[in-house]
Amino acid sequence: MANEERITADYVIVGAGSAGCTLAYRLSEDPSVEVVVLEAGEWDRDPLIHIPIGWVRILQQRKHDWMYFCEPEAAVDGRGIECARGKVVGGSSSTNAMAWVRGNRRDFDDWAAAGLAGWGYEDTLPYFKRHERWEGGESALRGGSGPIGVKNCAYEDPLLDAFKAAGAAAGHPWTDDYNGAVQDGFATLQMNIAGGHRASHATHCLRPALKRANCRLLTGAQVTSVDFDGTTATGVTFRHRGTEKVAVAAREVILAGGVINTPQLLMLAGIGDPEALGRHGIATRVPLPGVGANLQDHLSSVVMVARREPGPFHRMMRVDRIAGAVASAYLLGKGFATEVPGGVVAFLKSSVATDRPDIQVMLTAAPITAEPYLEPFKKPFQDAFALRVVTIQPEGRGTVALASADPLAKPLIRQNFLSTERDRRAIVDGVKMMKDILAEAPMAPFVGRELAPGADASEADILAHVRASAITLHHPCGTAAMGGDGDPMAVLDGALRVRGVDRLRVVDGAAMPRITCGNINAPITMMAEKAADLIRAAATAEATVASAAPVAA
Ligand SMILES: Cc1cc2nc3c(=O)[nH]c(=O)nc-3n(C[C@H](O)[C@H](O)[C@H](O)COP(=O)(O)OP(=O)(O)OC[C@H]3O[C@@H](n4cnc5c(N)ncnc54)[C@H](O)[C@@H]3O)c2cc1C
């Protein structure tokens, strides 16, 4: 098939990321349909992808990445913050930090209240459950037999216990399962790790789907346009190993290229804000000003602390030890490198929070500068730990815009981080809360010098630290959002169909109407699970109508 110039399938899925792999897995369950997935990246052969401890290196190296950066923004001291996006089979599920967080149940009830019937918490719960294989097993709120393994982080370090105790001492609640009944409070972080390896959507959804005769994948296949017959999407054009090819969709084209690339493809197809399209000489097919608007993300800032005595991560980073641990993790799925140094999370409320947490905190029991060492050849790094404060209910909205009509040109990403007083207040409050936690008695044996923002930092100093060093937690979403019928910025209807055209859906992070309170891989996956049912229901309804149609005499 690799040399065919024209391929045909019932469903053409653009992008093998979290959503694309999930869709391929579900749609190909029906042996009567043909599914083809086109992925711009290559197979996930890099061992670091599969070894949990390797994820920071993956982010630093950005070898499997679209290499996006946001435009420089004054509010973050003129920095163009990196906007990592996986370009590899599995998409960002192959490069992410593996935290599994559904969000707050009110997030989904808000979606429903905004005109998206069927997306409330009770509606979405079965899809969250259907996708996960929670180590605690099936229950009313958790799934026990889905494709993606989810487990409690089991990293061992007395610092973690101290942090939990400090949270309690400061009056914060504890929750046994933030993906269950109660999100608020301190908790053990849940991760998509199974058998000691990253449980990516490539490994756990796409690979099983590809074992079926009706599911195909092309790697190194970058879609450059969506093809139309009038307002009906008929397929896509893509570049594959130096050749231009066409994939024809007998039923639907499904865009799952992610929050940056999906709006780009829509705009290139003439679906977007007519004025913006006109600037690039693109004729408007459907005027939808919401395409590329509504970009939301989670900004994060760290409180960085030198550790009084080196901890377990530091000990293990000696070259001979870490080399053995990495080999054991990769080959056997066992040992130190199958966990990440951390595993406590907290969902808290700042002074401007409403009815749900607006601050997430992740403890990382290692400094970002950690490197393998071996004396006398290479000196050990200074051990440190970080309390990463994340604002999870941002008010600011950004944009993704075309830089040019060239489909291979990188779009312009403007995040508008810290653009509202409330967003600034929330992150400063979060940092202050963590500085208070550091002062609690259980932390005393671990806290050396506060490296950033500094023990004596004033509120102004904290904000200056945030502006100078905050980064994204890599949760951009919302740039081709679902919305109710009366919403002029809605790009999709509640069935994820692009408004104004036929046979074209968006199923990925771009479709989120409003960002959820926590990491977004689980909610995106839930959306793809639900999309599979919506797509199957549409096909059944179409077949029923067709079979009921009177036969011409
Ligand atoms: C560094 C990092 C850390 C993160 N950490 C976490 C975390 O710990 N927990 C969490 O919940 N979330 C995390 N996230 C976010 C989460 O992983 C993503 O939001 C989620 O995976 C996005 O899913 P998606 O299906 O929308 O897009 P993606 O998974 O990004 O998939 C899009 C796919 O489409 C492909 N593609 C794009 N354009 C084209 C084209 N034109 N033609 C063909 N293929 C194309 C891409 O190469 C990619 O494979 C992180 C993300 C990153 C980058």
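Order of listing sets the numbers, starting from 1, for every ligand and every atom in it. In this text, all values refer to a predicted model and were calculated from it rather than measured experimentally.
For an aromatic pair to be called close, the ring centres must be under 6.0 Å apart, and Phe186 with Phe163 satisfies this. Checked against the 6.0 Å centroid criterion, the rings of Phe108 and Phe128 qualify as a close aromatic pair. Ring-centre distance between His204 and His197: not below the 6.0 Å cut-off.
The ligand atoms of ligand 1 that sit less than 4.0 angstrom from a heavy atom of Arg85 are 51 (C), 53 (C). If you number the atoms of ligand 1 from 1 as listed, the ones under 4.0 Å from a heavy atom of Gly258 come out as 26 (O), 27 (O), 32 (C). Near Thr95, meaning under 4.0 Å from any of its heavy atoms, are these atoms of ligand 1: 1 (C). Close approach to Gly91 involves these atoms of ligand 1, each under 4.0 Å from a residue heavy atom: 29 (O), 31 (O), 48 (C), 49 (O). For ligand 1, the atoms lying closer than 4.0 Å to a non-hydrogen atom of Ser18 are 20 (C), 21 (O), 23 (O), 25 (O), 29 (O). Atoms of ligand 1 found under 4.0 Å from any heavy atom of Lys87 (numbered from 1 in listed order, with element): 47 (O).
The protein heavy-atom contact nearest to atom 40 (C) of ligand 1 is Val223 N, 3.7 Å. What sits closest to atom 10 (C) of ligand 1 on the protein, heavy atoms only, is Asn519 CB, 3.3 Å. Among all non-hydrogen protein atoms, the one lying nearest atom 29 (O) of ligand 1 is Ser92 N, 2.9 Å. In this structure, atom 47 (O) of ligand 1 lies nearest to the protein heavy atom Glu39 OE2, 2.7 Å. Taking atom 50 (C) of ligand 1 as the reference point, the nearest protein heavy-atom neighbour is Asn96 CB, 3.2 Å. Closest to atom 15 (C) of ligand 1 among all protein heavy atoms lies His474 O, 3.2 Å.
Residue Leu265 has no N or O atom closer than 3.5 Å to an N or O atom of ligand 1. Polar contact with ligand 1: absent for Val14 (N/O pair, distance under 3.5 Å). Below 3.5 Å of separation, one finds no N or O of Asp508 facing any N or O of ligand 1. Looking at ligand 1, you'll find an N or O of Asn261 within less than 3.5 Å of one of its N or O atoms. Backbone and side-chain nitrogen or oxygen atoms of Asn521 are examined, and one is located within less than 3.5 angstrom of a nitrogen or oxygen of ligand 1. In terms of polar-atom proximity, defined here as any N/O pair under 3.5 Å, Ala99 does make such a contact with ligand 1. Among the atoms of Val259, none of the N or O lies under 3.5 angstrom from an N or O of ligand 1. Checked by distance only, ligand 1 and Ala84 stay at 3.5 Å or farther apart across all their nitrogen or oxygen atoms.
Around atom 26 (O) of ligand 1, the closest heavy atom drawn from Ser200, Ala16, Gly509 belongs to Gly509.
Salt bridge status for Glu132 with Arg102: present, with a side-chain N to carboxylate O gap under 4.0 Å. Of the charged side-chain nitrogens involved, at least one lies within less than 4.0 Å of a carboxylate oxygen, so that Asp107 and Arg356 count as a salt-bridged pair. The pair Arg142-Asp177 meets the salt-bridge criterion, since a charged nitrogen lies less than 4.0 angstrom from a carboxylate oxygen. A salt bridge links Arg514 with Asp110: at least one charged nitrogen is closer than 4.0 Å to a carboxylate oxygen. Comment: Arg414 does not engage Glu73 in a salt bridge, judged by the lack of any side-chain N to carboxylate O separation of less than 4.0 angstrom. The pair Glu34-Arg251 does not count as a salt bridge, with every side-chain nitrogen at least 4.0 angstrom from each carboxylate oxygen.
Only backbone heavy atoms of Leu38 (N, CA, C or O) come within less than 4.0 Å of ligand 1; its side chain stays farther off. Residue contacts with ligand 1 for His475 involve side-chain atoms from C-beta outward but no N, CA, C or O (heavy atoms, distance under 4.0 Å). Neither the backbone nor the side chain of Phe238 has a heavy atom within less than 4.0 Å of ligand 1. In Ala528, neither the side chain nor the backbone holds a heavy atom less than 4.0 Å from any atom of ligand 1. Heavy atoms of Ala221 found under 4.0 angstrom from ligand 1 belong exclusively to the backbone.
Side chains of Asn261 and Tyr68: a donor on one and an acceptor on the other come within 3.5 Å.
Remark: distances from the non-hydrogen atoms of Val101 to ligand 1 are all 4.0 Å or more. Residue Val88 places a heavy atom under 4.0 Å from ligand 1. At least one heavy atom of Trp66 sits less than 4.0 Å from an atom of ligand 1.
Ring geometry for His475 against His298 counts as perpendicular: the plane angle is over 60°, on a 0 to 90° scale with 30° as the lower cut. Aromatic ring orientation, His240 versus Phe238: tilted (interplanar angle from 30° to 60°). Taking the six-membered ring where tryptophan is involved, the planes of Trp111 and Trp119 are tilted, since the angle between them lies from 30° to 60°.
Within a 6.0 Å sphere centred on CD of Glu42, other residues, nucleotides and ligands contribute more than 12 heavy atoms.
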